Amino acid sequence: RRQEASNKMATATWNGTAMTQKDMMEKDTVLVLDDKDNVIGSESKRGSHEFTPATPHAVLHRAFSVFLFDKETGDLLLQKRASTKITFPNVWTNTCCSHPLHGMEPPEVDGPEDVAAGTVVGVKNAAIRKLHHELGIVPGQVTVSDFKFLTRLHYWAADTVTHGKDSPWGEHEIDYVLFAVVPNKNAITLKPHPDEVDEIKWVSQQKLAQMMADPQLLFSPWFRIICKKWLTNTWWKDLNETMNTDKYCDYVNIYEFDPPAEHFGGSGNAGPLFQVNGNAMKKQGAYGKIPTHKESTLQQLVHLDEVVSAITLLYIKPLRSNLTTTFIQTTFPREELEFCDAILGKVSRSFAAVIRQLPPTMLVDIMIFYLVLRALDTIEDDTTAFASNDIKVKHLLSFHKNALANPEWTMDGVGEGDEKLLLQEFKKCHAVFSALQPQSRRVICDITQRMATGMAEFVDKDLGQGTVDIPQYNRYCHFVAGLVGEGLSRLFATSGLEQASFGRELHLSDQMGLFLQKTNIIRDYLEDYVDGRAFWPQSVWKKYSKSGDLGYFANAEDPKAQVAALYCLNELVTDALELVPDCLAYMSKLQCEEIFRFCAIPQVMAIATLDKCFANPDVFTGVVKIRKGLSCKLIARTNTMAEVHETFYSFAHHIKKTAEAERKGGVEDPSHDRTIRACESIMELTASQAAQQRTWNAIPKILAVVGVSSLVAWQCISDKEKAKSVLRAVALVGLPLVYKSCRKPVSNLKSADAILKS
């Protein structure tokens, strides 16, 4: 039923008091949009809000949300939508929410130039009209100049809470957020329209948090999104700065949100709109909202050595799981252990196999350590479950006391998919945790408490544009990864499989954790930026961003932005590469081959990922991942320090060649010299053992060449005496090469069984 405004009833003489809810549904003409917020037509309010099989997410249209504050107290005015409202009745929400309309006087239609300038007078005119209609606020008490336009969000939600899972109604809007402040509560007239508003309430931040924590109260999905994304974290907390500066204004980006899961559905069975490339219920944050760059099946199959490695690892010689050993089965409660193993495989399929191959005497310790920290990380990552950051901080700081001291503790409504299940069933993890040795429990409790403290420190920081500088970047990585390295080192030491002094290798443990975390942050640029919690340090990226925004690098249509993006990326890759010497030093101190493999596999994956990211524009359009076959090949070559050295040498050499080729081609990357130095440092440390390992790896190739040459000579030369001469020549050349290659690089690693016996 989409139609032009000229075909609709004129709305210039709009009078809300003379119309019923049904009248407004039929006669109001909203602004239909494309996903870039361009006005492309019009539709009745009814037609734009219907969720049907033909329009499962309804019709995208423009809206606004007003937040009105009392300057004296800082209180926010809320309204409870009337029970007679057709869409989202009986829910608490911000001061006023509605739509600009076609055909109004003064006009309510804004163009791209109005948004870019931050003026949006049309939306502000609509807000004045609806404040008067819904709340009785007289025009003039709040004027166009009183509004502060902050940003836009694109969201949708089926009204399934009111109308059931097959609800015919919902919202699909690009919503303009407007703030306004009045001198005091007496400065405005409040006479709520009974068909629009059932109740109004001025609330403080503390009162709002209490209300949102009350399960008996309903809140609109758009208000929940705004509140938990921006309102309580920054905008309201810094109200004076919000109103008097442009610090929090963003007129470039349109932030996209799927609703809380209870608002999926409707008559068109609407599912995730912005997570189309992944399962929205599996992971938190921006996971799945952007594409993953993968090589085609054909491109992967041409790497025959990787195909062989994949077949070997998956079917012939997989990593052995030690979970079924007698020691583990008789030490830990079986049902709870089975849950821990199953949930480990769901929340981290790649890491699960590496944990399961650990020695039985410490496998469960590491598994529980990982699950405890994953549960804590789920609380920190959830941007919508808590009414305010203060509440989230309280949960983080008390986590070690509650989750690790109370055998019945669980948490519901936090996280998504498997992470949510982990928290819901956490008492099963606690049952296994309680069966660990006291020294292991102490390490896990200590690291958990310190990590939670660090996470709480960063909860209140505005990370929409990344960390402030390299020290803050390093500090964040220390809390979420460096402490993990320390905890692992201490658990290795308490197991008796590594020297007791290993638990005091705090610096190297921290650096190893930072290397892994920085690699993930570099790779996840776009996911983190879309999610509104980015970590690229501003002191680095602002040197390259012409707009002063971290999202500048994602502009694929601007050649200058693309060049600047790669310069910034390469500087951060180089920063991570400079941690490699400490990572290698850490691994060289290990003596248990199972622990060595556990540590080495993530490290070689990280250097391979950095090589994949270096000078790669795909980082700014999706998630870059290494080939699965390459992953299998790397896993298969983490049995000795020589194998690890050969891997690091190979990738450092490739990055160095790429940087040199770029410079030779005229690319003026400011980090080239630093990148090359970092790679040369890695190559110098690994050259000797890498050469030995490459020679050893060449044995099968040499034997194949000798064998094929001999067979060809014997078959093709009719004079058998001459053939014998050729064979002797091949042997004289080939056998010394084989003999030279047969000297396998020496490894000082021992199996866990051998260490325990000694």
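As the structure is a computational prediction, the values presented were derived from the model and not from experiment.
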Backbone of G548 reached by a side-chain donor or acceptor of K542 within 3.5 Å: no
Donor-acceptor contact present, side-chain D258 to main-chain L273, <3.5 Å: yes
Heavy-atom donor-acceptor pair, N253 side chain to Y255 backbone, under 3.5 Å: no
Partner set under salt bridge (Lys or Arg N to Asp or Glu O under 4.0 Å) for R627, not counting sequence neighbours: E295, E306
Audit row: S747, T640, side-chain hydrogen bond (donor to acceptor under 3.5 Å, both in side chains) steps and yes/no: CA-CA 6 Å; S747 174; T640 67; 5.5 Å; no
Pairs meeting criterion salt bridge (Lys or Arg N to Asp or Glu O under 4.0 Å) with involvement of residues 462-471, two or more places apart: none
Residues which pass side chain to side chain contact (heavy atoms under 4.5 Å, CB included) with D611, listed by chain and number, not counting sequence neighbours: F651, H654, I655
Nearest-0.5 Å distance that lies between atom CD in E593 and atom OG1 in T638: 11.0 Å
Heavy-atom side-chain proximity of F648 to M587 below 4.5 angstrom: yes
Results of salt bridge (Lys or Arg N to Asp or Glu O under 4.0 Å) for E425 - residues two or more places apart only: K428
Inter- and intrachain pairs under salt bridge (Lys or Arg N to Asp or Glu O under 4.0 Å), touching residues 634-650, at least two apart: none
Worked verdict on H645 versus Q693 for side-chain hydrogen bond (donor to acceptor under 3.5 Å, both in side chains): CA-CA 8 Å; H645 274 210; Q693 187 62 43; over 6 Å; no
Heavy-atom donor-acceptor pair, R356 side chain to D341 backbone, under 3.5 Å: yes
Flag if over 12 foreign heavy atoms under 6.0 Å of NZ, K461: yes
Counterpart residues, side-chain hydrogen bond (donor to acceptor under 3.5 Å, both in side chains), relative to E594 (two or more places apart): none
Contacts under 3.5 angstrom, residues 568-576 side chains, donor-acceptor by atom type, not counting sequence neighbours:
{"residue": "N570", "atom": "OD1", "partner": "A615", "partner atom": "N", "Å": "2.8"}
{"residue": "N570", "atom": "ND2", "partner": "L566", "partner atom": "O", "Å": "3.3"}
{"residue": "N570", "atom": "ND2", "partner": "D669", "partner atom": "OD2", "Å": "2.8"}
{"residue": "E571", "atom": "OE1", "partner": "K543", "partner atom": "NZ", "Å": "3.1"}
{"residue": "E571", "atom": "OE1", "partner": "Y544", "partner atom": "OH", "Å": "2.5"}
{"residue": "E571", "atom": "OE2", "partner": "K543", "partner atom": "NZ", "Å": "2.9"}
{"residue": "T574", "atom": "OG1", "partner": "N570", "partner atom": "O", "Å": "2.8"}
{"residue": "T574", "atom": "OG1", "partner": "T675", "partner atom": "OG1", "Å": "2.5"}
{"residue": "D575", "atom": "OD2", "partner": "K518", "partner atom": "NZ", "Å": "2.8"}

Non-neighbouring partners of K633 that pass salt bridge (Lys or Arg N to Asp or Glu O under 4.0 Å), sequence neighbours left out: D305
R490: partners by side-chain hydrogen bond (donor to acceptor under 3.5 Å, both in side chains), with sequence neighbours left out: D446, E486
Of F535, Y552, F620, the residue whose pairing with Y525 passes ring-ring contact (aromatic ring centres under 6.0 Å, His included): F620
4.5 Å side-chain heavy-atom contact, R523 and K612: no
Donor on one side chain, acceptor on other, H154 and D35, under 3.5 Å: no
Sequence-distant partners of N322, side chain to side chain contact (heavy atoms under 4.5 Å, CB included), two or more places apart: R320, T325, P360, L363
Ring geometry between F553 and W541 (parallel below 30°, tilted from 30 to 60°, perpendicular above 60°): perpendicular
Proximity of F598 and F351 rings by center, below 6.0 Å: yes
Under 3.5 Å: donor-acceptor pair, side chain of R374, backbone of V347: yes
Atom of L526, atom of V619 and distance for their closest heavy-atom approach: CB-O, 4.2 Å
Pairing residues for K656 by the side chain to side chain contact (heavy atoms under 4.5 Å, CB included) criterion, not counting sequence neighbours: E660, I676, C679, E680, M683
Contact check, side chains of D365 and F369, non-hydrogen atoms, under 4.5 Å: no
Exam field: side chain S681 to backbone R677, donor-acceptor pair closer than 3.5 Å: no
Nearest heavy atoms of T467 and Y473, plus distance in Å: OG1-CB, 3.6 Å
Heavy-atom check, side chain of M641 versus side chain of L590, under 4.5 Å: no
Check: L422 main-chain N/O paired with K346 side-chain donor or acceptor under 3.5 Å: no
Partner residues of L423 under the side chain to side chain contact (heavy atoms under 4.5 Å, CB included) criterion, sequence neighbours left out: A375, T378, I379, W409, M411, V414
Check: S650 side chain, T647 main-chain N or O, donor-acceptor pair, under 3.5 Å: no
Inter-residue atom distance L396.CG - T448.OG1, 0.5 Å rounding: 12.0 Å
Contact summary for L371 and F426, nearest pair of heavy atoms: O-CE1, 4.5 Å
Euclidean distance, I368 CD1 relative to C429 SG, rounded to 0.5 Å: 5.5 Å
Under 3.5 Å donor-acceptor, E498 side chain and C592 backbone: yes
Inter-residue atom distance I682.CD1 - Y649.OH, 0.5 Å rounding: 11.5 Å
Separation of W536 CH2 from Q465 CD (nearest 0.5 Å): 13.0 Å
Minimal non-hydrogen separation, F515 against A606, with atom names: CE2-CB, 3.5 Å
Atom of S588, atom of A585 and distance for their closest heavy-atom approach: OG-O, 2.6 Å
Rounded distance (nearest 0.5 Å) linking atom CD of Q603 with atom SG of C583: 4.5 Å
